[in-house]
Amino acid sequence: MKQVTVSVNIPEEVIQLLGLKEKELERELKIRFAVTLYSEGRVSLGKAVEISGLPYAEFMELLADYGLGIDYDLEDLQEDLQAIKELDALGEDRSK
């Protein structure tokens, strides 16, 4: 999947207030962006997990921490099945 890099300017004092290093801030922004998009119904659970960079289980725990339910429908299932097929194909290619 093609990815796009986006640059965001954040005042240094904000980063210092948060007590985060640059890489930690990047991770935090990705996670919060994914949670927000998912909570607004703009992306599926699978897509939110992908955006966050977290494992499924960890992302689902995070949603629970935020008090958000999991909205898992047929489209989510189809996306997950497609992802499994793609991962399986990658595994087969590497074993040859």
Side-chain angles (χ1 to χ4, degrees):
M1 171 196 300
K2 183 179 177 184
Q3 294 195 8
V4 176
T5 300
V6 177
S7 177
V8 178
N9 294 316
I10 299 173
E12 190 173 327
E13 63 262 15
V14 172
I15 296 171
Q16 289 173 348
L17 278 171
L18 296 172
L20 297 173
K21 294 184 170 115
E22 193 173 325
K23 276 293 184 191
E24 294 169 329
L25 179 62
E26 180 182 336
R27 181 179 187 270
E28 183 77 15
L29 289 173
K30 285 171 52 176
I31 291 169
R32 289 182 182 262
F33 183 58
V35 168
T36 299
L37 292 176
Y38 178 75
S39 71
E40 293 174 350
R42 296 176 67 190
V43 297
S44 67
L45 177 62
K47 188 56 69 178
V49 169
E50 184 180 328
I51 292 167
S52 75
L54 297 174
Y56 257 93
E58 192 174 334
F59 189 78
M60 291 170 68
E61 287 177 20
L62 184 66
L63 290 178
D65 291 345
Y66 281 107
L68 298 171
I70 298 170
D71 182 23
Y72 195 83
D73 59 15
L74 181 58
E75 181 182 340
D76 293 320
L77 176 61
Q78 290 171 336
E79 284 183 18
D80 288 345
L81 291 173
Q82 181 61 36
I84 290 169
K85 287 179 187 175
E86 290 172 8
L87 289 171
D88 190 42
L90 283 174
E92 288 177 9
D93 289 345
R94 290 183 183 162
S95 66
K96 292 180 182 178

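Please read these numbers as outputs of a predicted model, since none were measured by experiment. Just the heavy atoms: all of them, side chains too, but no hydrogens, waters or symmetry mates, feed the values below.
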Engineer: What's the spacing between Ser52 OG and Tyr38 OH if we round to 0.5 Å?
Structural biologist: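 Rounded to the nearest 0.5 Å, the OG-OH separation comes to 12.0 Å.
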Engineer: Roughly how far apart are Leu62 CG and Leu68 CG, rounded to 0.5 Å?
Structural biologist: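 Answer rounded to 0.5 Å: 8.5 Å.
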Engineer: Might you point out which heavy atoms bring Ala34 and Ala48 nearest each other, and give the distance in Å?
Structural biologist: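 Heavy-atom minimum between the residues: CB-O, 3.2 Å.
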Engineer: Look at the side-chain heavy atoms of Ile, Leu, Val, Met, Phe, Trp and Tyr, link any pair under 4.5 Å apart, and say whether Leu81 and Val43 land in one connected group.
Structural biologist: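 In one cluster: yes.
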Engineer: Going from CD1 on Ile84 to CD on Glu79, what distance comes out if it is rounded to the nearest 0.5 angstrom?
Structural biologist: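 So the gap between those two atoms works out to 12.0 Å.
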Engineer: Salt bridge between Glu58 and Arg27, side-chain N to carboxylate O under 4.0 Å?
Structural biologist: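 Salt bridge flag = yes for Arg27 with Glu58.
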Engineer: Say whether Leu29 and Tyr66 are linked into one hydrophobic cluster, either directly or through other cluster members, by side-chain heavy-atom distances under 4.5 angstrom.
Structural biologist: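 Looking at the clustering, Tyr66 is in a separate group from Leu29.
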Engineer: Would you give the length of the straight line joining atom CD of Gln3 to atom OG1 of Thr5, rounded to the nearest 0.5 angstrom?
Structural biologist: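 Reported to 0.5 Å precision, the distance equals 7.5 Å.
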Engineer: Ignoring hydrogens, what is the shortest heavy-atom contact between Lys30 and Ile51? Give both atom names and the distance.
Structural biologist: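 Minimum heavy-atom contact is CE-O, 3.5 Å.
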Engineer: How long is the gap from CD on Glu50 to OH on Tyr56, to the nearest 0.5 Å?
Structural biologist: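 Rounded to the nearest 0.5 Å, the CD-OH separation comes out at 8.5 Å.
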Engineer: What about Ile10 and Phe33, same hydrophobic cluster or not, with Ile/Leu/Val/Met/Phe/Trp/Tyr joined at side-chain heavy-atom distances under 4.5 Å?
Structural biologist: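 Different clusters: Ile10 never reaches Phe33 through Ile, Leu, Val, Met, Phe, Trp or Tyr contacts under 4.5 Å.
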Engineer: Quiz question: by atom type and distance under 3.5 Å, do the side chains of Gln78 and Gln82 form a donor-acceptor pair?
Structural biologist: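 Looking only at side-chain atoms, Gln82 and Gln78 do not form any donor-acceptor pair under 3.5 Å.
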Engineer: Distance from Ile15 atom CD1 to Glu28 atom CD, nearest 0.5 Å?
Structural biologist: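 Between Ile15 CD1 and Glu28 CD, I get 12.5 Å after rounding to 0.5 Å.
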Engineer: More than 12 non-hydrogen atoms from neighbouring residues, nucleotides or ligands closer than 6.0 Å to CD on Glu40, yes or no?
Structural biologist: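 Atom CD in Glu40 is crowded, with more than 12 foreign heavy atoms closer than 6.0 Å.
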Engineer: Are the side chain of Glu24 and the backbone N or O of Lys21 linked by a donor-acceptor pair below 3.5 Å?
Structural biologist: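 At least one qualifying donor-acceptor pair exists.
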Engineer: Assigning hydrophobic clusters by single linkage (Ile, Leu, Val, Met, Phe, Trp, Tyr; side-chain heavy-atom cutoff under 4.5 Å), is Ile31 placed with Leu25?
Structural biologist: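 In one cluster: no.
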Engineer: Establish whether Val8 and Leu20 are linked, either directly or via other cluster members, by ILVMFWY side-chain heavy-atom contacts under 4.5 Å.
Structural biologist: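 Val8 and Leu20: one cluster.
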